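Working notes, structure below.
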Amino acid sequence: RGELDEEGTLLEALVRAGLRNELEAALFTALDDATNLKLRLTLAYPLAAKVGLEMDAFRLEASYDGGFALWLRYTINLGGE
């Protein structure tokens, strides 16, 4: 995990070993004071891959694990803490 610049852009790498070996890289950056952007890429063996993009309340993910999948998620803030 390391900071890339003075604006707080963060790059994180994660390796998981086991039945499925995975390499994941994530980039977190602030576009402005209220908007954050998260990009994530995961590669695995046996063959699988996942890519994700998250901004504000929206989250888009695509993956391949023997078949393709695509998700678009929206988070609703109901208030509270």
Side-chain angles (χ1 to χ4, degrees):
R1 177 176 235 189
E3 196 168 314
L4 298 178
D5 58 21
E6 287 117 21
E7 285 83 32
T9 301
L10 185 69
L11 178 64
E12 180 179 83
L14 179 65
V15 175
R16 293 185 189 104
L19 186 61
R20 171 178 277 175
N21 300 311
E22 294 184 353
L23 172 63
E24 179 177 305
L27 180 69
F28 306 91
T29 187
L31 298 178
D32 57 34
D33 291 337
T35 306
N36 292 319
L37 178 67
K38 298 176 187 173
L39 298 170
R40 191 175 304 272
L41 174 65
T42 305
L43 301 174
Y45 180 82
L47 184 61
K50 187 186 316 181
V51 64
L53 170 69
E54 186 174 338
M55 188 170 64
D56 292 331
F58 289 97
R59 187 173 173 182
L60 178 65
E61 291 182 359
S63 68
Y64 175 80
D65 188 8
F68 291 99
L70 181 67
W71 298 276
L72 177 60
R73 298 179 176 142
Y74 181 76
T75 304
I76 299 172
N77 186 357
L78 300 175
E81 292 184 33

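None of the values given here were measured: they were computed from a predicted structure.
Qualifying side chain to side chain contact (heavy atoms under 4.5 Å, CB included) partners for E61, counting only residues two or more places apart in sequence or in other chains: R59, W71, R73. Residues meeting the salt bridge (charged side-chain N to carboxylate O under 4.0 Å, His left out) test with E12, sequence neighbours left out: R1. Taking L70 as the reference, L60, A62 meet the side chain to side chain contact (heavy atoms under 4.5 Å, CB included) condition, with sequence neighbours excluded. Partners of F68 according to the ring pair (Phe, Tyr, Trp, His ring centres under 6.0 Å) rule, which considers only residues two or more places apart in sequence or in another chain, are Y64. Taking the side chain to side chain donor-acceptor pair (under 3.5 Å) definition, one finds that D65 meets it with R20, sequence neighbours left out.
Counting side-chain heavy-atom gaps under 4.5 Å among Ile, Leu, Val, Met, Phe, Trp and Tyr, the cluster of L43 also holds L41, V51. Residue L19 shares its hydrophobic cluster (ILVMFWY side chains chained together at separations under 4.5 Å) with no other residue. Hydrophobic clustering, defined by side-chain heavy atoms of Ile, Leu, Val, Met, Phe, Trp and Tyr closer than 4.5 Å, leaves L14 isolated from every other such residue.
Both L27 and L37 are part of a single hydrophobic cluster, where members link through side-chain heavy atoms under 4.5 Å apart.
Pairs of residues two or more places apart, or lying in two chains, that qualify as ring-ring contact (aromatic ring centres under 6.0 Å, His included) and include a residue from residues 29-58 are F58-Y74. Legend: side-chain hydrogen bond (donor to acceptor under 3.5 Å, both in side chains) pairs involving residues 28-37, not counting sequence neighbours, sorted by first then second residue: T9-T29, D32-T35. Sorted pairs that involve residues 44-53 and meet salt bridge (Lys or Arg N to Asp or Glu O under 4.0 Å), not counting sequence neighbours, are lacking altogether.
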